[in-house]
Amino acid sequence: MDDLDQRLLGLLRANARESVATLAKRLDVSRGTVNNRIARLEAENIIVGYTVRLQPDAHPEQISAWMSIAIDGNETRRVISVLLGEPGVAALHDTNGRWDLLAELRAQNIAEMSEILERVRLIKGIAATETSLHLKSYKAG
């Protein structure tokens, strides 16, 4: 990837719905160049999809929490596989330090969050967890 690819990816991260014409103008290249670059980045699996980012308060009734997870021994891949199949896990991140993984959890109410926490804590290979409810965001993005 060269500098143009990096700048194109930066613009797409900011707004994946930006028109090719606007991207071309902002990058000072032709629309064909932008189309070809995007097609190549998709073919090389550098761009693997497009998504919608919602404001954190887009669903004010929804409960969010962060769960720090410590994993026993060599169970990381298996635990990740199980967590990726858990419907209450909105995002899963590898991390360093005391905790091995950080999971973003989402539920419609406290009872549902409690069920998610119980299911996750019962996953074989999880040594310990610590959960914090998301109360308020001061900066999104």
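When L27, I47, D2 are each tested for a side chain to side chain contact (heavy atoms under 4.5 Å, CB included) with R37, only one passes: D2.
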Output, in order, the C-alpha distance, side-chain angles, deciding distance and verdict of side chain to side chain contact (heavy atoms under 4.5 Å, CB included) for L117 and L105. CA-CA 9 Å; L117 294 175; L105 309 177; 3.6 Å; yes
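Linking Ile, Leu, Val, Met, Phe, Trp and Tyr residues whenever their side-chain heavy atoms come within less than 4.5 Å leaves Y50 and V48 in two separate clusters.
At least one side-chain heavy atom of I38 sits less than 4.5 Å from a side-chain heavy atom of L23. Looking only at side-chain heavy atoms (C-beta outward), T33 and L4 come within less than 4.5 Å of each other. At a threshold of 4.5 Å between non-hydrogen side-chain atoms, the residues L102 and M67 do not count as touching. Side chains of V34 and L8 form a contact here, defined as non-hydrogen atoms less than 4.5 Å apart.
Heavy-atom contacts from other residues, nucleotides or ligands closer than 6.0 Å to CD of Q6 number more than 12.
A search for side-chain contact (heavy atoms from CB on, under 4.5 Å) contacts involving N35 returns V20, not counting sequence neighbours. Judged as a side-chain contact (heavy atoms from CB on, under 4.5 Å), and not counting sequence neighbours, the contacts of E44 are R40, I46. Annotation: side-chain contact (heavy atoms from CB on, under 4.5 Å) contacts of Q108 (sequence neighbours excluded): E61, Q62, E112.
Here CG of L41 is found 7.0 Å from CE of M1. Values are rounded to the nearest 0.5 Å. Here the CZ-CD1 distance, from R77 to I71, works out to 12.0 Å after rounding to the nearest 0.5 Å. One finds the CG atom of L133 at 5.5 Å from the CD1 atom of I110 (value rounded to the nearest 0.5 Å). The distance from atom CG of L9 to atom CG of L11, rounded to the nearest 0.5 Å, is 9.0 Å.
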Kindly list each side-chain donor-acceptor pair under 3.5 angstrom involving residues 79-99, sequence neighbours excluded, with atom names and distances?
unit_1, atom_1, unit_2, atom_2, d
E86, OE1, R119, NE, 2.9
E86, OE2, G88, N, 2.9
E86, OE2, R119, NE, 3.4
E86, OE2, R119, NH2, 2.6

Going by atom type alone, with no hydrogens or angles, which donor-acceptor pairs under 3.5 Å involve a side-chain atom of residues 125-132 and a protein atom two or more places apart or on another chain?
none

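Using a 4.0 Å cut-off between a side-chain N of Lys or Arg and a carboxylate O of Asp or Glu, E75 and R78 qualify as a salt bridge.
Pairs engaging residues 64-74 under the side chain to side chain donor-acceptor pair (under 3.5 Å) rule: none recorded [sequence neighbours left out].
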